[in-house]
Amino acid sequence: MCSRLRWIISSDWLRGLLLACLLATCGGVVATDSNSVGTIAVVVRSDSSIRLMTRDEVYAMFVLDRRGDFHPIDLPESDPTRGAFYMRLAQKNLTMMRALRAKLVFTGAGRPPQQLDMPALLGRLAADNKAIAYLPATDLPSGTRSVAILQPDPSAP
Amino acid sequence: MPHYALLFACCIACPVTAQAVEMSSETAGELHLNGFATLVATRADSGGAADYRSANYLSAGSDRSREWDFQNDSILGLQALWTPPVSGVTVVAQGVLANDTHDDFRPRMDWLFVGWQPSDAVKIRAGRTPFPAMMDSEVRWLGHARLTTTPQPETYFHLPMTSLDGASLRWRHNIEGGYLQLRAGFGQTDFDTASRTGVSSVDLRRVAAGSVELGGEVWRAYLGGFRTQARVHSAPLASLHDALAALAPSQPVAGEMAAAYPTDWFPVSQVSLGFEYLGAPWSFKTEAVRRSSDTLLIYAVRGWYAVGGYTIGAFTPFVTAGRQWQNSDLSPKLLPSGTPGGAALSAFYNATLIGLAQRRIGAGVRYDLPGGAALKLQYDRLKLDEDNSRGMFVNPQPGFIGRTDPINVLSLALDYQF
């Protein structure tokens, strides 16, 4: 066992990489407790042609890229609302969503929603009646309306 | 500068500089540029007796041994997706820089196809399209699409091609809470690959592939397969075939031995089964493959793997296992004594009977970094299963084939996509 351990740690390169991994843990993807984010609303501009959406329709637009002529928008991965949104919508954490997005993009099947931080997202919602995004339901800006709601799931991990 | 060093530099630079590019105009449509990069470092404690080759393209063994191998599965890929202003039409070009059969980093145009999607249900692709051979054939390059550092060897190691020059049809039907997807593809391809006598070139013609996939929100089940006519060009094996065929009229066993190395076309078929579950925090995937071939130019093989993980924040620890066998008859054969040249021909034939039976258990962790990068660390313990097996190793030194001691493999990967 000792010789195996020596073999594993015998490389300076490996030690360096493990140290880098350790340091990198300080900046890992934000882990989200899905239920720490309250109700999430899928929102559009008030004059959007979308009236209401089912959960399946939201799934198709944000996960499967069946967007039609609408413009779905993602928050950054570091925003806990994003993690909670996909956990409730698709039972996928950020690692799984990255895998799904990789498959979507690199099979030529589609593209992920555009990613904007919160100020840019609010600006885009105000300017584009084809834009569709998700926000904490308690925080909806004026001039927008909710077309679907995703409630916290008490049974979610 | 070595190619892998260039790739490493790209990997480091990517998170800093690269980002997806989107351009659009009313007359030219939309253009999306995306990329992915994976740097994998692998180390196997074979004691210098053989070189571990887990590569997407099995290296024939350039006689280059590397203590830490950066070339095995490191890859850089760029994709352009053009959506012209024509309803339902897309054009996809995907180029990759990866280690090839000759153990060199070389660029290759992996995909170049026109897609037409007349409805949500139907999509047709023509050109150099993904080879729809197994559950993850289309995403085997993508580090982000898996937990492990490299594609699972027990299934993908045996398929050293990723694209098909031809056409494919996909039909997808949404059913309550899930979907049913059918795929069919037809085409041809050719490639170089490793053989037991050096590099061989392989032609595949009349490849007909099909698959059925049934899925729900967090799971999918897959059944697929293909059938093709294959021809292998290998000068040493063609010489062996011709010499044995000349003896066949007087020595029936020579005819049997010659039939194992045909110089003409022969059929190969494969079926595979797969299942995946992705319901946070658990993930699980398993796949099994069975390839049938009556020759020793392309082995009949079986293999399976399973990998399961549990995500805690940005970390996903996982365990994995797999096993592979050759189904081909590798029993030694001898020409009768007194046959002219019989001893040398028998020795040559029997020297080619090198198997690949192997079992593997492993564990690792994937760590997702901000900005589209992921780090992975994986440990595997390999065991050659039969006396004639070299497993996934090349350049075996005397005594390695059939080695009974397990071999530890450590691999680290940095994945990035934009």
Side-chain angles (χ1 to χ4, degrees), chain A residues 3-4 6-14 17-18 20-22 24-34 55-56 59-60 63-64 66 68 76-78 83 86-112 114-115 156-157, chain B residues 20 22 30 32 34-36 41 43 45 67-68 77 79 81 90-92 94 111 113 115 120 123 125 130 136 138-139 141-147 174 177 217-218 278-281 283 309 311-316 366-375 377 379 408 410 412 414-415 417:
Chain A
S3 64
R4 286 198 187 119
R6 273 200 300 277
W7 167 78
I8 289 173
I9 63 173
S10 63
S11 161
D12 289 341
W13 184 93
L14 175 60
L17 189 63
L18 290 175
C21 293
L22 193 63
T25 57
C26 303
V29 170
V30 172
T32 306
D33 171 5
S34 169
R55 185 169 167 278
D56 285 349
Y59 183 92
V63 179
L64 302 179
R66 294 191 182 153
E77 285 183 339
S78 56
Y86 284 108
M87 185 64 84
R88 292 174 200 173
L89 181 66
Q91 294 184 55
K92 303 285 187 294
N93 54 39
L94 289 173
T95 299
M96 293 171 179
M97 283 308 301
R98 280 186 173 184
L100 287 182
R101 291 273 164 83
K103 292 176 183 177
L104 183 78
V105 171
F106 293 108
T107 59
R111 56 196 195 277
Q114 184 182 13
Q115 181 176 299
Chain B
E22 295 189 13
E30 295 181 4
H32 302 268
N34 295 87
F36 57 90
R43 178 169 169 158
D45 70 341
E67 189 178 2
W68 274 100
Q79 176 180 281
L81 169 67
T90 53
V91 178
V92 175
Q94 189 177 108
W111 301 350
F113 62 83
D120 275 351
K123 185 163 189 175
R125 300 190 286 196
D136 281 343
E138 295 200 20
V139 294
W141 298 125
L142 301 175
H144 264 308
R146 60 176 179 260
L147 293 179
N174 290 324
E217 206 164 85
V218 295
L278 280 178
S283 60
T311 301
I312 307 161
F315 290 91
T316 306
R366 168 175 165 156
Y367 172 56
D368 280 273
L369 292 156
L375 275 170
L377 173 66
Y379 164 77
N408 303 297
L410 187 69
L412 300 107
L414 172 63
D415 297 315
Q417 70 179 48

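Everything quoted here is computed from the prediction, not taken from an experiment. Quick note on labels: first sequence line is chain A, next is B, and so on, each numbered from 1.
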Legend entry - Most contacts with chain A, counted as non-hydrogen pairs under 4.5 angstrom, among B:Gly309, B:Ser283, B:Gly35, B:Pro130: B:Gly35

Inset, instruction - Could you check if a side-chain atom of B:Trp141 sits within less than 4.5 angstrom of a side-chain atom of B:Phe36, using non-hydrogen atoms only? - result: yes

Legend entry - Which atoms of B:Gln417 approach chain A - backbone, side chain, both or neither, heavy atom under 4.5 Å: side chain

Legend entry - Contact class of A:Leu104 relative to chain B, heavy atoms under 4.5 angstrom: neither

Inset, instruction - Evaluate the side-chain proximity of B:Arg366 to B:Asp368: yes if any heavy-atom separation is below 4.5 Å, no if none is. - result: yes

Inset, instruction - State which residues pass ring pair (Phe, Tyr, Trp, His ring centres under 6.0 Å) with A:Tyr86; sequence neighbours excluded, sorted by chain then number. - result: none

Legend entry - NZ/NE/NH1/NH2 to OD/OE distance under 4.0 Å, A:Arg101 and A:Glu77: no

Inset, instruction - Return yes if some donor-acceptor pair links the side-chain N/O of B:Arg43 with the main-chain N/O of B:Glu67 below 3.5 Å, else return no. - result: no

Legend entry - Interchain contact, B:Val218 with chain A, by part (heavy-atom threshold 4.5 Å): both

Inset, instruction - Tell me, for B:Phe113 versus chain A, whether the close heavy atoms (under 4.5 Å) come from the side chain, the backbone, both or neither. - result: side chain

Legend entry - For chain B, the option from A:Pro112, A:Ala99, A:Ala109 that forms the most heavy-atom pairs under 4.5 Å: A:Ala99

Inset, instruction - With rounding to the nearest 0.5 Å, note down the distance linking OH in B:Tyr367 to OG1 in A:Thr95. - result: 10.5 Å

Legend entry - Side chain proximity check, B:Asn34 to B:Leu81, heavy atoms < 4.5 angstrom: no

Legend entry - Which portion of B:Gln94 sits near chain A, non-hydrogen atoms under 4.5 angstrom: side chain

Legend entry - Contacting moiety of B:Leu278, where chain A heavy atoms sit under 4.5 Å: both

Legend entry - Proximity breakdown for B:His144 and chain A, heavy-atom pairs closer than 4.5 Å: both

